[in-house]
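Every value quoted in this text rests on a predicted model; they were computed, and no experiment measured them. Order of the sequence lines fixes the chain letters, A, B, ..., with proteins taken first and strands second; residue numbering starts at 1 for each chain.
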Amino acid sequence: MENKPLGEILEDRFAYLFSPELLYALEQVGELRRIKAGQVIMEPGNPLAFMPFILDGAIKVMREEKNGHELLLYYLESGDTCAMSLICCMGVKKSKVKAEAEEDSLLLMVPIKYLEEWICKFPEWRAYIFDMVRVRLDEFIETIDSLAFMNMEERLMKYLRDKVRVTGKTELETTHQEIAEDMNSSRVVISRLMKKLESEGHIHQHRNRVEVVTF
DNA sequence: ACATTAAGTGATT
DNA sequence: AATCACTTAATGT
């Protein structure tokens, strides 16, 4: 995890995208937040006061049902910001999703009032925001595709692939139960599919740990 | 040694 | 693909 001053971190992440003026503005109004893995940072219904920039780590964004059922929608990674908070500016004031840190993460919280202000002020900001909305929308389509057209086995492979990408590790510390919850499936179904993937040589299994080999 | 939690399995819908 | 009921295996106290 980064331990440098904010200015340098922003420089590292956004220098190629943003002008020095915008970087400076971000540094002035942004508030740095360190989040521990597993920490819930947004619940459905909560008002959105900030747009979070992911400087380091990864955030998992989920849809949540009242009775506790969840579904993983997508991950936010370094350099990303949340589409929910962008749409917030256009009228929706409350979150429709739950967000939880997948790993220890570093966020820059920018009050949402600057979102609109900077769109007029900084052309590169406008381009970045529009691009973010596009990327998130693409991701949404991908999620819908997987729900509508893929069977459980394909969904599970996509899940494991995404998790490997986001964590940067091929050793995933997770249980069949947790995977089932993320995918809104049942543990038994996941266990059977995991066993199949193992027999095909895609993964190695241990207690509380999955080793992804051929993805 | 015992309790708890994770993972495997057959049968049924 | 989900659920039930049960077994087996791994881990912590």
With the threshold set at under 4.0 Å for non-hydrogen atoms, list the residues of residues 180-189 of chain A touching DNA chain C in residue-number order. S185(A), S186(A), V188(A), V189(A)
Given 3.5 Å as the limit, does a donor-acceptor pair link the side chain of [X] with the main chain of [Y], or not?
X       : Y       : result
W125(A) : L115(A) : yes
R155(A) : M183(A) : yes
R63(A)  : K96(A)  : yes

Atom pairs and distances, side-chain donor-acceptor, residues 35-47 of chain A, under 3.5 Å, sequence neighbours left out:
from	atom 1	to	atom 2	distance (Å)
Q39(A)	OE1	K36(A)	N	3.2

Can you pull the contact range of chain A along DNA chain B, 5' to 3', using atoms under 4.0 angstrom from its heavy atoms? dT5(B) to dA11(B)
Holding to side-chain contact (heavy atoms from CB on, under 4.5 Å), I want the full list of residues that pass it with [X], two or more places apart in sequence or in another chain.
X       : answer
E153(A) : N151(A), L193(A), K196(A), L197(A), E200(A)
L10(A)  : L6(A), F14(A), L23(A), L26(A), E27(A), L55(A), L108(A)
A58(A)  : E102(A), E103(A), V166(A)
R207(A) : none

For DNA chain B, which residues in residues 195-208 of chain A have a heavy atom at a distance below 4.0 Å? K195(A), Q205(A), R207(A), N208(A)
What is the first contacted nucleotide of DNA chain C and what is the last, in 5' to 3' order, if contact means an atom lying under 4.0 angstrom from a heavy atom of chain A? dA1(C) to dT11(C)
Which pairs pass salt bridge (Lys or Arg N to Asp or Glu O under 4.0 Å) with one or both residues in residues 164-179 of chain A, sequence neighbours excluded? E77(A)-R165(A), D162(A)-R165(A), E171(A)-R209(A)
If a pair satisfies salt bridge (Lys or Arg N to Asp or Glu O under 4.0 Å) and one of its residues is in residues 135-146 of chain A, list it, with sequence neighbours excluded. D80(A)-R136(A), R134(A)-D138(A), R136(A)-E139(A), E142(A)-K158(A)
Between F18(A) and Y128(A), does the ring centre distance come in under 6.0 Å? yes
State which residues pass ring-ring contact (aromatic ring centres under 6.0 Å, His included) with F140(A); sequence neighbours excluded, sorted by chain then number. Y74(A)
